[in-house]
Amino acid sequence: PTATPEPPTATPVPPTETPTPADPTPGTPTESGDLLAVLEETGQHGLLVQAIKDADLVEKLESAGPYTLFAPTDAAFSALPEGTVAALLEDPTGALADILLYHVVAAKALSTDLSNGQVIETMNGDSIEVKFKDGKAYIDGAMVTVADIKADNGVVHVIDAVITPSSKMADAGNSGSAKSDQGCGN
């Protein structure tokens, strides 16, 4: 007589390691730190990071959050009218800080959480408006070029313009964002 093997008595345990995600697109950071670490990793936000440091907002943006940061690129800062950045740097913890906080929401909002016509209060107390047109998202007229870059304390959405509450830019010698009349069909 042939012996029949007995069935195993223990259930196999799946491995505890999770699969490593595929390599991200070059220049797109992975979730590897707070908002500032993510910005530094992109290579496109040096002026924003320096402005955050000058405005003494590092500690706030490294805290637990969660936050949503609409992050203008270096090119967006360069598109501002001549003298605007210099004027803002004259009052880094005043007007500059207010404008930077206009880019930050005290909640984590992925692109799937945003809706057309949505008005969101920013950390400076003013509100921004979300619009969708031709399949693209706009924040106060600035187009979101990269969405949902996750950080340990929130999410970053890259935008193509510096958005500003009009009263703050009037103080700096301009009004509206660098793209206030484009993109959304205002």
Side-chain angles (χ1 to χ4, degrees), residues 21-52 61 65-81 84-85 88 98-170 172 174-186:
D23 288 338
T25 305
T28 303
T30 58
E31 184 173 342
S32 61
D34 59 48
L35 294 171
L36 289 182
V38 167
L39 289 177
E40 288 172 337
E41 201 176 309
T42 69
Q44 300 178 48
H45 295 94
L47 293 173
L48 177 58
V49 170
Q50 189 57 52
I52 289 168
L61 294 178
Y67 302 110
T68 299
L69 174 61
F70 297 101
T73 61
D74 291 341
F77 277 99
S78 297
L80 290 171
T84 301
V85 175
L88 291 171
D98 284 345
I99 289 170
L100 294 173
L101 290 173
Y102 188 68
H103 290 79
V104 184
V105 175
K108 184 176 180 179
L110 297 172
S111 59
T112 54
D113 299 324
L114 303 175
S115 60
N116 195 38
Q118 183 177 12
V119 175
I120 305 168
E121 185 175 337
T122 66
M123 287 185 64
N124 83 342
D126 290 316
S127 295
I128 54 176
E129 185 174 7
V130 178
K131 291 202 176 189
F132 288 91
K133 182 176 180 184
D134 299 328
K136 298 188 186 315
Y138 296 85
I139 309 299
D140 272 9
M143 185 172 66
V144 176
T145 58
V146 180
D148 300 333
I149 303 171
K150 294 176 184 169
D152 292 343
N153 62 342
V155 64
V156 174
H157 302 290
V158 178
I159 56 176
D160 69 349
V162 177
I163 57 173
T164 57
S166 52
S167 62
K168 300 299 178 196
M169 282 307 280
N174 187 21
S175 62
S177 72
K179 294 193 174 196
S180 62
D181 295 326
Q182 297 179 7
C184 293
N186 292 342

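Values reported hereafter were calculated over all heavy atoms of this structure, with side chains retained and with hydrogens, waters and symmetry mates removed.
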Which value, rounded to the nearest 0.5 Å, describes the distance between [X] atom [atom1] and [Y] atom [atom2]?
X	Y	atom1	atom2	value
Met143	Asp134	CE	CG	11.0 Å
Leu35	Asn153	CG	CG	4.0 Å
Asn116	Lys131	CG	NZ	7.5 Å
Leu88	Ile99	CG	CD1	4.5 Å
Asp126	Asp98	CG	CG	8.0 Å
Ile128	Ile163	CD1	CD1	5.0 Å

Please answer whether the main-chain N or O of [Y] pairs with a side-chain N or O of [X] as donor and acceptor at a distance below 3.5 Å.
X	Y	result
Glu41	Val38	no
Thr122	Val105	no
His45	Gln50	no
Tyr102	Val162	no

Find out whether [X] and [Y] are in side-chain contact, i.e. whether some heavy atom of one side chain is under 4.5 Å from a heavy atom of the other.
X	Y	result
Ile52	Leu36	yes
His157	Thr68	yes
Val104	Leu61	yes
Asp140	Val130	no
Asn124	Pro165	yes
Ile120	Leu114	yes
Tyr138	Val144	no
Leu80	Val85	yes

Verdict with reasoning, Leu39 to Val156, per side-chain contact (heavy atoms from CB on, under 4.5 Å): CA-CA 8 Å; Leu39 289 177; Val156 174; 4.1 Å; yes
Can you see which heavy atom on [X] is nearest to which on [Y], and at what distance?
X	Y	result
Tyr67	Ala106	CD2-CA, 4.0 Å
Phe132	Ala137	CE2-CB, 3.5 Å
Leu48	Ala71	CD2-CB, 3.7 Å
Val155	Ala109	CG1-O, 3.5 Å

Sequence-distant partners of Glu40, salt bridge (Lys or Arg N to Asp or Glu O under 4.0 Å), two or more places apart: Lys53
Sub-6.0 Å ring centroid separation between Phe70 and His103: no
Qualifying residues under side chain to side chain contact (heavy atoms under 4.5 Å, CB included), relative to Ser78, sequence neighbours excluded: Leu47
Asp148 side chain to Ser111 side chain, donor-acceptor N/O pair below 3.5 angstrom: yes
Worked verdict on Val158 versus Ile149 for side-chain contact (heavy atoms from CB on, under 4.5 Å): CA-CA 8 Å; Val158 178; Ile149 303 171; 3.8 Å; yes
side-chain contact (heavy atoms from CB on, under 4.5 Å) assessment of Leu110 paired with Lys150: CA-CA 9 Å; Leu110 297 172; Lys150 294 176 184 169; 4.1 Å; yes
